[in-house]
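Below, each value reflects all heavy atoms present in this structure, side chains not excepted, and no hydrogens, waters or symmetry copies. Bear in mind the structure is a predicted one, so any value in this text is a computation, not a measurement.
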Amino acid sequence: MRLLPFSLSTHRFGASKAPSRFLRLFYASIGLSLGACQSVCVMPNDLYQGLNELYPSNSNLSQINQSIGETEGIPKPVKKMKLVGPVDIDRLKEYGVEISPEPEANSRYVTLVFSDKTQAEGVLNEKRLAEPGSAILTRWIPAEKVAKSLAQRDSHQFSTKYGEKWAHPDFQNFKIQTCVGRMTAQGYQESFPYEVWSYCANPKTKKSLNKFHSRFFIDFKKIFFDPIYILLDAS
């Protein structure tokens, strides 16, 4: 029996014979899927177009360069900026990195290109004070600092020993540390300690979360596997 194409049209069956019940169920399922995505899916780089244009602008670069010499300012003059994507503020807070949230501040994960042609990745948090015309409070959190905070947290987990044995985290590799910082800042959720180090060391894995992904399934994975890793670590 030859199957009909998925796109069922009324003229093929006649208006009175169209599979209206099937179509109603089909459209209802689409509506439910889209509704679920709005609550559990992350879709970067669509709602933040204004920030994508603001951050690398000359006026903003001028503001950023005023933070040179401050405790959490940039280390040296910035010539231009490359945008990588949004950051997951809640995930950063979970790992011990707290930044000012929206709407009082804006945050992006960026690559800074300095005037000496060197580059650095990290989280750029810009807090605009309430007073009109006031300066912007700039906080620069390098990717290595984010990775260090995660490593500190991972070292105090129930399944730390298992994570060390399985992931073999390389804390000396600058490229891997930068990747760990980027993935963490963008919301990567580990299932066991040091998983992201293994992820970043594998040349076949994607190194950015600037894709459509569901946080629900990531968190579900953590809930499901955590008890298993705790048992393995204790054995």
Going from [atom1] on [X] to [atom2] on [Y], what distance comes out if it is rounded to the nearest 0.5 angstrom?
X: Thr138; Y: Glu126; atom1: OG1; atom2: CD; result: 5.0 Å
X: Ile89; Y: Ile99; atom1: CD1; atom2: CD1; result: 4.5 Å
X: Ile176; Y: Met183; atom1: CD1; atom2: CE; result: 13.5 Å
X: Asn106; Y: Asn60; atom1: CG; atom2: CG; result: 9.0 Å
X: Glu164; Y: Gln157; atom1: CD; atom2: CD; result: 12.0 Å
X: Leu137; Y: Gln63; atom1: CG; atom2: CD; result: 10.0 Å

Looking only at heavy atoms, what is the nearest atom pair of [X] and [Y], with distance?
X: Leu83; Y: Pro56; value: CD1-CD, 4.2 Å
X: Phe171; Y: Ala151; value: CE2-CB, 4.0 Å
X: Asp154; Y: Thr160; value: O-OG1, 2.6 Å
X: Pro193; Y: Ser159; value: CD-OG, 3.1 Å
X: Tyr194; Y: Gly163; value: CD1-C, 3.9 Å

Checklist entry - Is there a donor-acceptor pair under 3.5 Å between the side chain of Tyr162 and the backbone N or O of Phe192? => result no
Checklist entry - Are the side chain of Thr184 and the backbone N or O of Gly181 linked by a donor-acceptor pair below 3.5 Å? => result no
Checklist outcome for this item: In short, side-chain hydrogen bond (donor to acceptor under 3.5 Å, both in side chains) pairs touching residues 169-179 with sequence neighbours left out are Gln177-Trp197
Next on the checklist: Is there a path of hydrophobic side-chain contacts, each under 4.5 Å between heavy atoms, that joins Leu112 and Leu54?
Outcome noted: yes
Item to check | Transitive ILVMFWY side-chain link Val110 to Leu61, under 4.5 Å | outcome: yes
Item to check | side chain to side chain contact (heavy atoms under 4.5 Å, CB included) evaluation trace for Gln119 with Lys82 | outcome: CA-CA 10 Å; Gln119 299 186 16; Lys82 300 176 183 177; 3.5 Å; yes
Checklist entry - Can you name the residues that form a side chain to side chain contact (heavy atoms under 4.5 Å, CB included) with Ala105, not counting sequence neighbours? => result Ser100, Asn125, Lys127
Checklist entry - Taking only residues two or more places apart in sequence or in another chain, which ones pass side chain to side chain contact (heavy atoms under 4.5 Å, CB included) with Glu98? => result Lys93
Only counting residues at least two apart or in another chain, list the ones meeting side chain to side chain donor-acceptor pair (under 3.5 Å) with [X].
X: Lys76; answer: Asp116, Thr118
X: Glu121; answer: Tyr109, Arg182
X: Ser57; answer: Ser59
X: Thr205; answer: Lys207

Next on the checklist: Walk me through whether Trp140 and Ile64 qualify under side chain to side chain contact (heavy atoms under 4.5 Å, CB included).
Outcome noted: CA-CA 9 Å; Trp140 169 245; Ile64 294 170; over 6 Å; no
Checklist entry - What residues, two or more places apart in sequence or in another chain, satisfy ring pair (Phe, Tyr, Trp, His ring centres under 6.0 Å) together with Tyr199? => result Tyr188
Identify every side-chain donor-acceptor pair in residues 68-75 under 3.5 Å, counting partners at least two apart or on other chains, and give the distances.
residue	atom	partner	partner atom	Å
Glu72	OE1	Arg139	NE	2.9
Glu72	OE2	Arg139	NH2	3.0

Checklist entry - Can you list every disulfide (SG to SG under 2.5 Å) pair that touches residues 147-198, not counting sequence neighbours? => result Cys179-Cys200
Next on the checklist: Enumerate the disulfide (SG to SG under 2.5 Å) contacts for residues 70-112, please, sequence neighbours excluded, ordered by first and then second residue.
Outcome noted: none
Checklist entry - Near Asn202 CG, under 6.0 Å, is it more than 12 heavy atoms from other residues, nucleotides or ligands? => result yes
Checklist outcome for this item: salt bridge (charged side-chain N to carboxylate O under 4.0 Å, His left out) filter on Glu144, not counting sequence neighbours, yields none
